[in-house]
Amino acid sequence: MDGRFRRHFKGTPKHVKIGYGSNKKTRFLMPDGFLKFRVSNVAELELLLMHNKKYAAEIAQNVSTRKRKAIVERAEQLGIKVTNGDAKLRAEESE
């Protein structure tokens, strides 16, 4: 009747516990030391102007290739790092 996981049987995954949490200072940090900030258009990119040493822009998944190019171009002008700047651009160049 009862589930194996809830009853802590052998061979089941580890349960979530408070001790498995990461350090508050390094939580959400990427390996390069930046925090992610999801961007959908060029106007949202302007928010990172004063915080370009702490946050890196990540272009949202549903942004078109045309807008993606504009975001990457503007990010270069502002000196903002874009984590996935060449995501949809590579597919078009190879075709």
* To do: Determine the minimum heavy-atom distance between Lys88 and Thr65, stating which atoms define it.
  => CB-OG1, 4.1 Å

* Looking only at non-hydrogen atoms, find the nearest pair between Phe28 and Leu35 and report the distance. => O-CD2, 3.4 Å

* Asked: Hey, are the side chains of Lys14 and Tyr20 touching, using non-hydrogen atoms and a 4.5 Å cut-off?
  -> yes

* Can you see which heavy atom on Val72 is nearest to which on Gly85, and at what distance? => CG2-O, 3.5 Å

* Arg68 (side chain) donor-acceptor with Asp86 (main chain) under 3.5 angstrom -> no

* Arg38 (side chain) donor-acceptor with Ala60 (main chain) under 3.5 angstrom -> no

* Heavy-atom neighbours of Gln61 CD exceed 12 at 6.0 Å -> no

* To do: For the residue pair His15 and His8, categorise the inter-ring angle as parallel (less than 30°), tilted (30 to 60°) or perpendicular (more than 60°).
  => parallel

* Structure fact -> Between Arg27 and Ser22, the two heavy atoms sitting closest are NH2-O, 2.9 Å

* Do you reckon Met50 sits in the same ILVMFWY cluster as Ile80, going by side-chain contacts under 4.5 Å, direct or chained? -> no

* In Å, rounded to the nearest 0.5 Å, how long is the span from CD of Gln77 to CG of Leu45? -> 10.0 Å

* Answer yes or no: is there a donor N or O on one side and an acceptor on the other, between the side chain of Asn84 and the main chain of Glu58, under 3.5 Å? => no

* Nearest heavy-atom pair of Ile71 and Val63: which atoms, and what distance? -> CD1-CG1, 4.3 Å

* Is any side-chain heavy atom of Ile59 less than 4.5 Å from a side-chain heavy atom of Val82? -> yes

* To do: Give a yes or no on this: more than 12 heavy atoms of other residues, nucleotides or ligands lie within 6.0 Å of atom CZ of Arg66.
  => no

* **For the student: nearest non-hydrogen atoms of Val39 and Ala57, plus distance** => CG2-CB, 3.8 Å

* Asked: Is Phe37 linked to Met30 within one hydrophobic cluster, defined over Ile, Leu, Val, Met, Phe, Trp and Tyr using a side-chain heavy-atom separation of less than 4.5 Å?
  -> no

* More than 12 heavy atoms of other residues, nucleotides or ligands under 6.0 Å from CZ of Phe34: is that the case? -> yes

* Between Arg74 and Glu46, is a salt bridge (Lys or Arg N to Asp or Glu O under 4.0 Å) present by the stated rule, with each step listed? -> CA-CA 9 Å; Arg74 184 68 177 139; Glu46 306 289 334; 3.0 Å; yes

